[in-house]
Amino acid sequence: MITTINKFRRIFEKGVTFDDQTNTYNFDFNQDHPDDVMHLEPMQKRTKIMEHDGIKYHYYYCYHFEDGRHPGFLRAVKYIDNISEDDAFQLVDQACVDIDSKYELNEYSTILYPQSSSKILSLFANQLKEQSHIETMLPNSFVKNSVDQIQLDEEAVSKLPEATQKQVRRVFANIRNLTTEFKLKDVFTRFRKFIKNFIKLEHDITSHVTGKKVILMDDYHTTGATMKEMMNILFALKPTEIFVVILIKVK
């Protein structure tokens, strides 16, 4: 019988491979294979420039990962666990070089990103700062709000069928009864967009954002609920432009 891991080892000849003997992921940046765990050629995916109340914003995704492609891979990258530090550095460095080749990064004044235990996010932000020579970086700008401050998007919920409304309200009731820290990932994906105010600014960053072009970074983009919250907070501070940079788009 061929095990799942052995199937992976046979298929993943180039790019990211998994070694079940050492339980590590190995990166080959020289060649992609159609069935790699994740392609290491930069995704080069950017959105068109959009506007919200006169504020320009756009997204850039460095790499793409099919959710479920290989169990444990995203966690391994996030915490630089079971991958080498050299591979982690090359992963973010390649992304930063690619971004720098396409955008005038020196036009931006501030880099900011949310509080996170993610080691790859910190590495990514620091490398982009070094690549761009942007002077101001604000790590841990966004932090989790207390459970009693979390809100339900009543306007959005009111548009749902009655049965779905009841489901969403039950989920919200469970959140408000939590005695532990709220984690958005614990909410069913389809309900996340109805939860708001679950993050807040750690400090007053107005002077670094208002009237300026800023870069907002994160490691992964899944449902986009957390990014939407951060964007809404930034919109209120009136920057002239927000450039959202995501290391890995998870789909």
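Two rings, from F65 and H39, have their centers 6.0 Å or more apart. Aromatic pair F18/H70: centroids less than 6.0 angstrom apart. The aromatic ring centres of F243 and Y108 sit less than 6.0 Å apart. Between Y113 and F142, the ring center distance fails the sub-6.0 Å criterion.
Side-chain contact check for D98 versus C62: every heavy-atom pair is 4.5 Å or farther apart.
Linking ILVMFWY residues whenever their side-chain heavy atoms come closer than 4.5 Å, directly or via other members, places L160 and L152 in the same cluster. A continuous path of Ile, Leu, Val, Met, Phe, Trp and Tyr side chains, each step under 4.5 Å between heavy atoms, connects I242 with M50, placing both in one hydrophobic cluster.
In this structure, the side chain of R192 does not engage the main chain of T223 through any donor-acceptor pair within 3.5 Å. The backbone N or O of L237 lies less than 3.5 Å from a partner atom in the side chain of T210, making a donor-acceptor pair.
Taking a cutoff of 4.0 Å between a charged side-chain nitrogen and a carboxylate oxygen, E154 and R169 qualify as a salt bridge.
Take E241 and apply the salt bridge (charged side-chain N to carboxylate O under 4.0 Å, His left out) test, not counting sequence neighbours, and it matches K213.
Aromatic ring orientation, F188 versus F191: perpendicular (interplanar angle above 60°, classes split at 30° and 60°).
Closest approach of P239 and K212 over heavy atoms only: CB-O, 3.3 Å.
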